[in-house]
Amino acid sequence: MAGCERGPLGRHRPPASMARYEPAVAERKWQAAWAQRGAFAGRDDDPRPKYYVLEMFPYPSGRIHMGHVRNYTLGDVVARYKRAKGFNVLHPMGWDAFGLPAENAARDKGIHPKEWTLNNIATMRGELQRMGLSIDWSREIATCHPGYYAHQQKLFLDFLKAGLAYRKKAKVNWDPIDQTVLANEQVIDGKGWRSGAPVEKRELEQWFFSITRFAEDLLSALDRLENWPERVRVMQRNWIGRSEGCRVQWDVLGRTQRLEVYTTRPDTLFGAAFLAVSADHPLATEVAKNDANARSFIAECHSLGTSEEAIEAAEKRGYDTGLRARHPFRANEQVPVFIANFVLMEYGTGAIFGCPAHDQRDLDFARKYRLPVRRVVAPANPSEPIEIGDVAYTGDGVLMNSDFLNGMTVPQAKNEVAMRLERAGRGKRELNFRLRDWGVSRQRYWGCPIPVVHCPRCGVVPVPEKDLPVRLPEDARFDQSGNPLENHPTWKDTSCPSCKGKARRETDTLDTFVDSSWYFARFCSPRASVPIERKTVDAWLPVKQYIGGIEHAVLHLLYARFFTRGLRATGHLSLDEPFEALFTQGMVGHQTYKDEHGKWLFPSEVAVGDDGQARHKETGRPVTVGRSEKMSKSLKNVVDPGAIIDKYGADTARWFMLSDSPPERDLEWTDAGAAGAFRFVQRLWRLFDESANALPRPRTPAPKQFGAEAARMRTLTHRTVAKVSADLERFRFNVAVARIYEFVNTLLDPAVGGAAKGADGGWARREALEALARLVAPMIPHSAEEAWQRLGHTSIVTDEAWPAFDEALAREDVATLGVQVNGKLRGTIEVAVGMPEAEVRALALKEAESQERIKNALEGKPIRKVIVVQDRVVNIVV
RNA sequence: GCCCCUGUGGCGGAAUGGUAGACGCGGCAGACUCAAAAUCUGUUGGUGGCAACACCGUGCUGGUUCGAGUCCGGCCAGGGGCACCA
């Protein structure tokens, strides 16, 4: 953007020196300067290499919290660093703005969800802007804006056309508190992920996305996501849950229809002791018709459902139907058929065969119902007993008691059984996934309307694209239970786009995870008239670095990967994976406080006295200090970022977030640490302020010669630049911070300050300070700007290139080697870097004569061997 | 139960198989000050010793190696994920 010369720089010329750095003044000044220059615009037509860095966008809950501060600080360091390295950086921000809390606020406070959301966005945008983030605000999006959800509706229609979205009657997870449906991923320990209420099963007609169509690809592509944390990939792998198995058909005596079961252990077929079907299996329903006991058993299974009790009551129970099934390979062998409470209708065929010897659950069941236990896999370890006790054998081994399988290994036997079953028409190999299709219907108001119409004559009819968006009605009511769209007197009445007759709008809205499944693509062309503009998306995507919390390892990240595949299938983009690299930052924690009555207290209500006893600030009563936990409203252990920025400024908050803890680990917020960060910001300013006047002018040519002192300073500068650059590349921000501390400490050391005396020293010192200002710029940008200006520059440091370093200067010429005797350190010697091994050996042995510690350790014993590690260590073995 | 991660001073944490504890916080001592705050200087793993120095020390326990916080085996503890998935 133009206007560099007439920016705020010219208007606000600070005094030549200020004793104390005033964050409130400086931060406002520089934020205005950046905004005026459009310093952070990502430009579609810029020929420089593009770099898209993205942090997970926030839900506009009201205020930002420390977790946001950490997340966005990390992202900002990356964005600013890459910009300085010459990349054309895209670093946008938006709002995950649909969702239930807005409706709750409407119900509780009588404020419309839209108004509540937009107010929160305004507040939080202001808070984020106060952090001084290098965000391209011109690309801001909010998912609740019709300009966003209109395009999402178009994508939905494309998915519908491609068969990726469909409707089916299904048992769904019903959250009785939120009065809505949840996806499997959103049910945690049988409870709703948001409400925490035990989830019920209900049968409803629902919209689904066929994520399972991509199950195999979603799984195998994980291997190529090398810059994702391994644990996220493991979690997704577990969630997708691929299993290779086999369907096996059993003849049931007295029936024509065979019973089909699914197994991953076809090799253990000769160890089968029973069959078991789910309570929801058609066979169970049929048996129940004429069997009152079966009916009551099935009813019992249903009453447990998937609620909490069912999970805790892990007891395996069954009901013997009296039916007998014939073994597929042994016509005269028969096993009983049970209805069992632990068999799931949704997985495989809803029926299993039980092999007690080699499956713990089957063994428990067999012991309870006194069924035979026949071992068919011999233990791999010959000293192990053959007898099966209370523990099933699930290890490898060779088949026994198994007819034609005897002597085969487990994999061989699996193969053989599958082959014979297929040949006999009694079964076939099958690939199964734990992953289910993604249920996206929500019976809520504050979400993206699903753009279809239900017509009594034509069925489900898509809304024509020219009629998009299907807008939410503004005049919904939130004071009654159920779906406000359903309750609205007129909104759902419409005409069929196809036959023009009376029809009804779909009143379900989309799961808000749909909104966040493609926002990263919309940022590339946020105002385009199509959802995704191919040209710009192809230029920017994939996101080079994505940063967010580990809590989205399965939900959001899996959905976004699915959506990318769906968008590719519908021609919106040509991308394999949305996020090339993922970084998951740790949580921000704080100590917890309780008063005498066990009531949680805010940290701001507690003061620690000189005696180390924590007390309530007002009542003076003692307070119990608990362990550090993730900041949460319920524990009240929250620190408001706004209050911290008021007190210390944004740079202090940012510096604290980066120092001490590695970014992937949890960070504990402490007052002492924040105060320490503030002291550093002040100290840094003093360094620049006190040095500036004695320096040569900016851009003074380098002197021809450097004295020893100046040369030493230059070595330090170049080495620091090299190290900090390497640390930032590797996300080792805490180590980069430590290097900067060392650098600053040395520059403040009066002994080193003496080097600034001569012309060469002054030049070296300016070089050091200019490097320093640029090194800290990604982390504490306001202080860096202030320092840069104090050094006499009229440009802004944000526009400066990242400092280069001279390999030759960064190299040390003297190395201090440890001298070990039998691996124990006994002394040190100084050598020229790169000194040949023989010379080092000679020197070390000579020193061994004169250095008491080494001599004593040797005690005149014969030297067996001397090991020299270049520039590191010498080990004398005696 | 299965899978993954993490265990280092009073605390957060450094350390390509090569001088363990960088850097920060906290503590202690001192300077400045009428005093305090701020700032600055020194010191700070443990034990013994006036000291030089010695010994011990990265959850425990074996091993590989001239040398292990780091690699390998077995255990223990904490955290996270998955879990009637046949």
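The figures here come from the full heavy-atom set of this structure, side chains too, leaving out hydrogens, waters and symmetry mates. Letters A, B, ... are given to chains in the order of the sequence lines, protein chains preceding strands, and every chain is numbered from 1.
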Could you let me know what B:C11 is paired to, Watson-Crick or G-U wobble, both distances under 3.5 Å, or none if it's on its own?
B:G24

Salt bridge (Lys or Arg N to Asp or Glu O under 4.0 Å) assessment of A:D223 paired with A:R237:
CA-CA 10 Å; A:D223 295 335; A:R237 240 174 245 135; 3.3 Å; yes

Heavy atoms under 4.0 Å, any strand shown: does [X] hit a base, just sugar-phosphate, or nothing?
X	result
A:Y262	base
A:Q820	base
A:R853	sugar-phosphate

Can you tell me how far [atom1] in [N] sits from the matching atom in [M], rounded to whole Å?
N	M	atom1	answer
B:G74	B:C11	P	30 Å
B:A38	B:A51	P	33 Å
B:A54	B:A20	P	13 Å
B:C40	B:C60	P	38 Å
B:G79	B:A31	P	48 Å
B:C71	B:A14	P	15 Å
B:G46	B:G30	C1'	26 Å
B:U33	B:U39	C1'	12 Å

Given atom [atom1] of [X] and atom [atom2] of [N], what is their separation to the nearest angstrom?
X	N	atom1	atom2	answer
A:H281	B:A86	NE2	P	17 Å
A:I867	B:U65	CD1	P	12 Å
A:R434	B:A83	CZ	C1'	8 Å

Closer than 3.5 angstrom, by distance alone: can the side chain of A:T584 be matched with the main-chain N or O of A:G548 as a donor-acceptor pair?
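Answer holds: no.
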
Would you confirm whether A:R872, through its side chain, and A:L817, through its main-chain N or O, come within 3.5 Å as a donor-acceptor pair?
no

Nearest to the [X] side chain among [options], which nucleotide is it?
X	options	value
A:R686	B:C40, B:A86, B:U19	B:C40
A:R826	B:C85, B:A15, B:C55	B:C55
A:N875	B:A86, B:C23, B:C66	B:C66

Taking OP1 and OP2 of [N], is either one under 4.0 Å from a side-chain nitrogen or oxygen of [X]?
X	N	answer
A:R679	B:A37	no
A:R683	B:A38	no
A:Y741	B:G24	no

Toward the 5' end of RNA chain B, which comes first, A:N856 or A:G818, by nearest nucleotide?
A:G818

Measure from the ring center of A:Y369 to the ring center of A:F338 and say whether it is less than 6.0 Å.
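Yes; A:F338 has its ring centre under 6.0 Å from that of A:Y369.
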
Using the ring centroid of each side chain, check whether A:F365 and A:F342 are separated by less than 6.0 Å.
yes

Under the criterion salt bridge (Lys or Arg N to Asp or Glu O under 4.0 Å), I'd like the reasoning laid out for A:R317 against A:E300: C-alpha separation, chi angles, the key distance, then a yes or no.
CA-CA 11 Å; A:R317 298 183 46 231; A:E300 218 176 296; 2.6 Å; yes

Would you kindly check if the NZ (Lys) or CZ (Arg) of A:R434 is within the cone defined by 45 degrees around the ring axis of A:W239 and under 6.0 Å from the six-membered ring centre?
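Yes, a cation-pi geometry.
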
Going 5' to 3' through nucleotides 2-13 of chain B and flagging B where a protein heavy-atom sits under 4.0 Å of the base, S where only the sugar-phosphate is that close, and - otherwise, we get -SS--S----BS

